[in-house]
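Being a predicted model, the structure only gives us computed values, none of them experimental.
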Amino acid sequence: DSSKEVENMTKFSIIVPVYQAQSSLDRCIKSLLRQTLSDIEIILVDDGSTDQSPSICDHYGAEDPRIQVIHKPNEGVSAARNDGLLAARGEWVIFCDSDDWMEPYACELLCQTGTEKHVDVVLGDIHLIQKERKIYNQFFAEEFVWRSRRRLDDLVAADIYQAYCPLPPSTSSIGYGGPWNKAVRRQFLLDHEIRFDTKLGGIFDDILYTAFLYANASGVAYVQRPVYNYVLNPSSVTRSYRPDTLAVNHRIFQAFSSFIHSHAPNKRWEQAYQAMVIRRLEESLRLYFFHPSNEMPRSTRLALLRKTIRTKPYFTALRTVEKRKLTSSQRKMVSLLRLHWMGGLWILYQLKVILKKI
């Protein structure tokens, strides 16, 4: 009986990738168990943790029938999210990171909005947690329900580089590509075969996932309430020394070029993409070229940087990017690189590090 089948379907699946998270996992799971929407399933995907995380997951799994635990070998956050998605049975799906937590009304609010507005994706605002401080992070100037292709394409542009946001809030915000404030119809994900790209090693994979959501959705709703608490982690993967940075960049650029080619042959996201390349280049200076852990002599690093910016897509982006859309430090970097003044860039970077320490 099909009505029985519908009754058995859970309203909401919350997927939590878990890796070495023993210090924050309790808080995260408790926030999910406190959801005002009780018709949920919580999928804890233990990604080969070697700390107490697996036993914490099993403890909660034994206590509440809504919790499903998956133990798997370590393959990274993208693969863990995909495995959770495969196991999900909910009408709606959302992801929660194990060091963060959700507001108690999050699932109910997102689910209710999505159902009432007949959309594929619903997103809310977040709080940024910096030590003891809670900072309200608003994504757009006003609430909306958008169905027009032009408007949804504007969301893709904002996701690729946030200065292209069509309705910018009065204060700056971060995390446009995050999967943790977006409830998505599971059937929509299945129909469009949307998954996390495991080749990206957990960097920009969420931005690419979100780009696929907006590019394929028939409708997106935004509610101006914080649904999620995002902990700012100074030692995260996006801040540590990466000797493979240039290879990571290459994979990111390939994935985004392929996405843009398949979803926008008219190059409508080209400018946002150029700005994203500049953002990655700036991050490469911090994570690789100028990082104190890089043991190459300065002259070798600067020669490699000089060689790198002569290759695509850096070369094109440095020449065609809309500078007014960039941050002030990115604009300075572009100006110096256009003049091939590597030494000046090095000095500027060292000054920045000294000033930060002061």
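- The line from CD1 of Ile29 to CG of Asp26 is 6.5 Å long, rounded to the nearest 0.5 Å.
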All N/O donor-acceptor pairs, side-chain side in residues 176-183, below 3.5 Å, sequence neighbours left out:
{"residue": "Tyr176", "atom": "OH", "partner": "Phe139", "partner atom": "O", "Å": "2.6"}
{"residue": "Tyr176", "atom": "OH", "partner": "Ser173", "partner atom": "OG", "Å": "3.4"}
{"residue": "Asn181", "atom": "ND2", "partner": "Gly124", "partner atom": "O", "Å": "2.8"}
{"residue": "Lys182", "atom": "NZ", "partner": "Tyr176", "partner atom": "O", "Å": "3.0"}
{"residue": "Lys182", "atom": "NZ", "partner": "Gly178", "partner atom": "O", "Å": "2.5"}

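- Checking side-chain atoms of Asp205 against main-chain N and O of Phe196 turns up no donor-acceptor pair under 3.5 Å.
- Between Glu283 and Arg279 a salt bridge is recorded (basic side-chain N to carboxylate O distance below 4.0 Å).
- One finds the CZ atom of Arg147 at 7.5 Å from the OG atom of Ser218 (value rounded to the nearest 0.5 Å).
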Practice prompt. Start with the C-alpha gap between Ile194 and Tyr209, add the side-chain angles, then the distance that decides, and say whether side-chain contact (heavy atoms from CB on, under 4.5 Å) holds.
Written response: CA-CA 7 Å; Ile194 299 172; Tyr209 164 81; 3.8 Å; yes
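- The neighbour count for Lys199 NZ, taken as heavy atoms of other residues, nucleotides or ligands under 6.0 Å away, does not exceed 12.
- Within the model, atoms CD of Gln271 and CD of Gln274 stand 6.5 Å from one another, a figure rounded to the nearest 0.5 Å.
- Between the side chains of Glu143 and Gln224, no donor N or O sits under 3.5 Å from an acceptor N or O.
- At least one donor-acceptor pair closer than 3.5 Å links the side chain of Ser262 to the backbone N or O of Ser258.
- Here the side chains of Ile174 and Asn137 are in contact, with some heavy-atom distance below 4.5 Å.
- Ionic pairing of Lys72 and Asp46 is not present here: no N-O contact between side-chain nitrogen and carboxylate oxygen is shorter than 4.0 angstrom.
- Using the six-membered ring where Trp is involved, Tyr228 and Tyr230 have ring planes that are tilted, between 30° and 60° apart.
- Under the 4.5 Å side-chain heavy-atom criterion for Ile, Leu, Val, Met, Phe, Trp and Tyr, Leu208 and Val77 are members of distinct hydrophobic clusters.
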Worksheet item: Under the ring-ring contact (aromatic ring centres under 6.0 Å, His included) criterion, do Tyr273 and Phe256 qualify, and how do the steps go?
Response: CA-CA 8 Å; Tyr273 174 66; Phe256 275 87; 7.1 Å; no
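- Counting only residues at least two apart or in different chains, salt bridge (charged side-chain N to carboxylate O under 4.0 Å, His left out) contacts with residues 103-131 comprise Glu103-Lys134.
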Item to complete: Let me see the working for Met333 and Leu345 under side-chain contact (heavy atoms from CB on, under 4.5 Å), right down to the final yes or no.
Response: CA-CA 7 Å; Met333 180 193 76; Leu345 196 59; 4.0 Å; yes
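- Taking Ile, Leu, Val, Met, Phe, Trp and Tyr as members and joining any whose side-chain heavy atoms lie under 4.5 Å apart, directly or through other members, Leu86 forms no hydrophobic cluster with any other residue.
- For the residue pair Asp100 / Asn229, no side-chain donor-acceptor distance below 3.5 Å is found, with atom types taken as modelled.
- Every residue was checked against the ring pair (Phe, Tyr, Trp, His ring centres under 6.0 Å) condition with Tyr214, not counting sequence neighbours, and none meets it.
- Contacts of Arg149 classified as salt bridge (charged side-chain N to carboxylate O under 4.0 Å, His left out), with partners at least two apart in sequence or in another chain: Asp153.
- Cluster partners of Val231 are Trp101, Ile129, counting Ile, Leu, Val, Met, Phe, Trp and Tyr whose side-chain heavy atoms approach within less than 4.5 Å, directly or via other members.
- Side-chain atoms of Thr320 come within 3.5 Å of backbone atoms of Thr316 as a donor-acceptor pair (strictly under, hydrogens ignored).
- Closest approach of Ile43 to Gly84, counting heavy atoms only: CD1-O, 3.6 Å.
- Under the 4.5 Å side-chain criterion, counting only non-hydrogen atoms from C-beta, Asp159 is not in contact with Phe212.
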Under 3.5 Å, which donor-acceptor pairs link side chains of residues 51-58 to any protein atom two or more places apart or in another chain?
{"residue": "Asp51", "atom": "OD1", "partner": "Ser53", "partner atom": "N", "Å": "2.9"}
{"residue": "Asp51", "atom": "OD1", "partner": "Ser53", "partner atom": "OG", "Å": "2.8"}
{"residue": "Asp51", "atom": "OD2", "partner": "Ala21", "partner atom": "N", "Å": "3.2"}
{"residue": "Asp51", "atom": "OD2", "partner": "Gln22", "partner atom": "N", "Å": "3.2"}
{"residue": "Asp51", "atom": "OD2", "partner": "Ser53", "partner atom": "OG", "Å": "3.3"}
{"residue": "Gln52", "atom": "OE1", "partner": "Ser55", "partner atom": "OG", "Å": "3.3"}
{"residue": "Ser53", "atom": "OG", "partner": "Ala21", "partner atom": "N", "Å": "2.8"}
{"residue": "Ser53", "atom": "OG", "partner": "Gln22", "partner atom": "N", "Å": "3.3"}
{"residue": "Ser55", "atom": "OG", "partner": "Gln52", "partner atom": "O", "Å": "2.9"}
{"residue": "Asp58", "atom": "OD1", "partner": "His71", "partner atom": "NE2", "Å": "2.8"}
{"residue": "Asp58", "atom": "OD2", "partner": "His71", "partner atom": "NE2", "Å": "3.3"}

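- Considering only heavy atoms from C-beta on, Gln35 stays 4.5 Å or farther from Ile42 through its side chain.
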Throw together a table of side-chain donor-acceptor distances under 3.5 angstrom for residues 306-315, partners on residues two or more places apart or in other chains.
{"residue": "Thr308", "atom": "OG1", "partner": "Leu304", "partner atom": "O", "Å": "2.7"}
{"residue": "Thr311", "atom": "OG1", "partner": "Thr308", "partner atom": "O", "Å": "2.6"}
{"residue": "Tyr314", "atom": "OH", "partner": "Asn249", "partner atom": "ND2", "Å": "3.1"}

Practice prompt. Kindly indicate, with the supporting measurements, whether the criterion side-chain contact (heavy atoms from CB on, under 4.5 Å) is fulfilled by Tyr349 and Phe289.
Written response: CA-CA 11 Å; Tyr349 188 81; Phe289 288 107; over 6 Å; no
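- The side-chain heavy atoms of Arg280 and Phe253, taken from C-beta on, include a pair separated by under 4.5 Å.
- Within the structure, ring-ring contact (aromatic ring centres under 6.0 Å, His included) pairs that include any residue of residues 104-128 do not occur (at least two apart or interchain).
- Taking 4.5 Å as the limit, some side-chain heavy atom of Leu44 sits within range of a side-chain heavy atom of Ile67.
- Arg298 CZ to Phe290 CZ: the interatomic distance, rounded to the nearest 0.5 Å, is 9.0 Å.
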Worksheet entry | side-chain hydrogen bond (donor to acceptor under 3.5 Å, both in side chains) between Thr10 and Glu41, intermediate numbers included | CA-CA 7 Å; Thr10 307; Glu41 63 169 359; 4.7 Å; no
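- Annotation: side chain of Gln138 is not in contact with side chain of Ile126 (no heavy-atom distance under 4.5 Å).
- Counting heavy atoms from C-beta on, the side chains of Val220 and Val122 never come closer than 4.5 Å.
- In terms of modelled atom types and a separation under 3.5 Å, the side chain of Ser49 and the main chain of Gln20 share a donor-acceptor contact.
- Residues Met102 and Leu32 are in side-chain contact: their nearest non-hydrogen atoms beyond the backbone lie under 4.5 Å apart.
- Formation of a donor-acceptor pair under 3.5 Å by the Gln330 side chain with backbone atoms of Thr327 is found in this model.
- Of all heavy-atom pairs spanning Thr300 and Met296, the tightest one is CG2-SD, 3.9 Å.
- Applying the salt bridge (charged side-chain N to carboxylate O under 4.0 Å, His left out) definition to pairs two or more places apart or across chains, those involving residues 315-332 are Glu322-Arg324.
- The number of heavy-atom neighbours closer than 6.0 Å to NE2 of His192, taken from other residues, nucleotides and ligands shown, is above 12.
- A pairwise comparison of heavy atoms in Ser240 and Leu287 identifies O-CD2, 3.3 Å as the closest pair.
- Members clustered with Leu190: none, using a 4.5 Å side-chain heavy-atom cutoff among hydrophobic residues.
- Although no hydrogens or angles enter the test, the distance criterion places no donor-acceptor pair under 3.5 Å between the side chain of Asp47 and the main chain of Tyr19.
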For residues 89-98, which side-chain donor-acceptor pairs fall under 3.5 Å, sequence neighbours excluded?
{"residue": "Glu91", "atom": "OE1", "partner": "Lys11", "partner atom": "NZ", "Å": "2.9"}
{"residue": "Glu91", "atom": "OE2", "partner": "Arg185", "partner atom": "NH1", "Å": "3.4"}
{"residue": "Asp97", "atom": "OD1", "partner": "Arg81", "partner atom": "NH2", "Å": "3.0"}

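- Donor-acceptor pairing under 3.5 Å is recorded for the side chains of Arg133 and Gln130.
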